[in-house]
There are 2 protein chains.
Amino acid sequence: MPWPEHHKAQTRERIVEAASAAFREAGISKVSVPDLMRRAGLTHGGFYAHFNSKDELLVEALPHAMSDSTANLDRVESAPARDLLAVANAYLSPQHVSHPEMGCPIAALGPELTRSAPTVRQSLAREIRKRLDQLLALIPRRMTAERKRQQAAGALACMVGGIVLARGMKQSEKPAFLADCRAFLAEALNETNAHT
Amino acid sequence: MPWPEHHKAQTRERIVEAASAAFREAGISKVSVPDLMRRAGLTHGGFYAHFNSKDELLVEALPHAMSDSTANLDRVESAPARDLLAVANAYLSPQHVSHPEMGCPIAALGPELTRSAPTVRQSLAREIRKRLDQLLALIPRRMTAERKRQQAAGALACMVGGIVLARGMKQSEKPAFLADCRAFLAEALNETNAHT
DNA sequence: GACACAATATGATGTTTATCATATTCTTGG
DNA sequence: CCAAGAATATGATAAACATCATATTGTGTC
C-alpha cells in the first residue's frame, strides 16, 4: 500500500463534507460535480474513483448534513437538547434561517430530495424517522404515547415549515415570524394545556 | 389583427398552467423549456415570444400555482374555508401529499424558489404574506392580535412542514404522521386552551 | 534512489440546456 | 381567395453537464 492508511477515506470524507454544505446552500441540481470537487480542493475527474454517481454521493451526504445540523443547533443552545421546546427554539432561530449550509437538510432540500432517486428517498425517510424519534425521546414520560407522537410530529412540522417559510419571506418580516412560531410552539407544548 | 382577439393571451395562459403543474411535480430545474412547451402542446422555440426568460415565467407561474392550490383545497373541503382548523385539515390530507402538481407550491418548491432570481423571491414573499393574511382572517376576533398572529404563523408552518415531511417519509408512515399533525393543530388551535 | 501502484489530474464524449435567428403556418380583412 | 402580418415551428449555437478513458503524480518499500 504505497499510500498512507486512510488517505482515500479522508479525501472521500472531504468530498462528502463539501457536498453536504454546497447542496444545502445552493440546491442539489445547482451544484455540479466539477463545482463540488473544486470546493473539496480536487479536480472533477477523480470523483468517480470515490462514488459511482452523484446520487450515491447524496445518499452519504444527507446523513452527514443531518448530523452536522443537529451538532450546530446544539451549539446554539450551548447544551445538548434539554427538552423539545429548547430544541425547537434553537431550530427556529434567525441564524438557522440565514445559514442553510450549516442547517437542517430537510428544510433546505426536502422537496428536492423527495424527487430524487429511490436510494436517496430511502435515506431521507430514514433520517426523518430518526429525527422524529429523537424529538419523541425529549417529551416527558407522563403523557400518553399518542399525545407524545402528536407533539413530536406537530413540533417537527412546525420547525421545518417555519424555516422554509421564513427563508421565503422579506428580510424584515423574518424575525417576527420566527418569534410567532416559537411562541405558538411554547403554548402548544405547554403541559398546562387543557386536555381534549 | 389577423388573429382572434385573445389568442396569444390564451396560449400564454396555457404555458403558465403547464408550468405551474410541471414545476410542482418535478421541480423547477428538472423541467426544461422544451419539456414545458411540449406539455402545453407547443414547440420549444415559441417560448420566447411569450416570456423573456424561464425566470419571468416563474414569476407568473407561482401566483397561478398558489391560486390553483387553494382552489383545489377548497374542493376537498367542499366548502370554502370555514375556519383555520378546517383549512389545515384539508391541507394536511393524504391527497395533498400524493398530488404535489395540484398542491401548495410553497411545500413543493419553497427552498428552490428561495434560491431563485430576486424577482422570483419577491413573488414568493408576496405569496407567503398573502397566505398568512388569509389564515389570519379566519381566526376569531376575540383573541388578541398577538395571539392571532402566532396561531396563523404556527399553523401555516405546521401545514407546510407537515407536507414536506410526509412526502419524504415511507409510504406506510405517511397517514399516521399527517393525522398526528392534524391532531396537534386541533389541540393547539382549540380556544379552550389555557392562556399563558 | 528506483519500482510498483494507488490516488489524483487531464482530456474527451455525448447529451441536455437556455436562448436566439430564421422560416413557416395560420387567420382575417379585403 | 389573396395578401399581410401575427403566432408558432424549425433549426442553430454555445455553454454546462455527468461520466469515462487515459495520463500523471505522489508514496512507501526495497
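Below, read A as the first sequence line, B as the second, and so on, with proteins coming before strands; counting in each chain starts at 1.
- Between B/Met37 atom CE and D/dA9 atom C1' there is a gap of 10 Å when expressed in whole angstrom units.
- At C/dT8, one or more side-chain N or O atoms of A/His50 fall inside 4.0 Å of OP1 or OP2 (strictly under the cut-off).
- Comparing atom distances between the B/Ser32 side chain and each of C/dT19, C/dA9, C/dT17 picks out C/dT17 as nearest.
- Rounded to a whole Å, the CZ atom of B/Arg14 is 14 Å from the P atom of D/dA7.
- If you measure from atom CG of B/Leu58 to atom P of C/dA18, you get 11 Å, rounded to the nearest angstrom.
- In the set C/dA7, D/dT8, D/dG11, D/dG11 carries the atom at the smallest distance from any side-chain atom of B/His44.
- For the pair B/Leu36 CG and C/dT16 P, the interatomic distance rounds to 17 Å; values are reported in whole Å.
- Rounded to an integer number of Å, the gap from CZ of B/Arg38 to C1' of D/dA9 is 14 Å.
- Looking at which nucleotide of DNA chain D each of A/Gly46 and A/Lys30 is closest to, the 5′-most match is held by A/Lys30.
- Closest to the side chain of A/Lys54, out of D/dT19, C/dA7, C/dA9, is D/dT19.
- Salt-bridge formation is detected for the pair A/Arg115/B/Glu112: a Lys NZ or Arg NE/NH1/NH2 atom is positioned less than 4.0 Å from an Asp or Glu carboxylate oxygen.
- If you take CD1 of B/Ile28 and P of C/dT17, they are 15 Å apart, rounded to a whole angstrom.
- Rounded to whole Å, the distance from NZ on A/Lys8 to P on D/dG26 is 18 Å.
- Heavy-atom nearest nucleotides on DNA chain D were determined for B/Thr11 and for A/Ser53, and the one closer to the 5' end corresponds to B/Thr11.
- Closest to the side chain of A/His7, out of D/dA18, C/dA7, C/dA9, is C/dA7.
- Contact check on B/Asp133 versus B/Lys130 returns no salt bridge, with no Lys/Arg side-chain nitrogen under 4.0 Å from an Asp/Glu carboxylate oxygen.
- Between the CZ atom of B/Phe47 and the C1' atom of D/dG11 there is a distance of 18 Å, rounded to whole Å.
- The phosphate of C/dT19 (OP1 or OP2) has a side-chain N or O of B/Tyr48 nearer than 4.0 angstrom.
- Between the side chains of A/Arg147 and A/Gln150, not a single donor N or O lies within less than 3.5 Å of an accepting N or O.
- Salt bridge annotation for A/Asp68-A/Arg24: present, with a cationic side-chain nitrogen under 4.0 angstrom from a carboxylate oxygen.
- Of the charged side-chain nitrogens involved, none lies within less than 4.0 Å of a carboxylate oxygen, so that B/Glu17 and B/Arg39 do not count as a salt-bridged pair.
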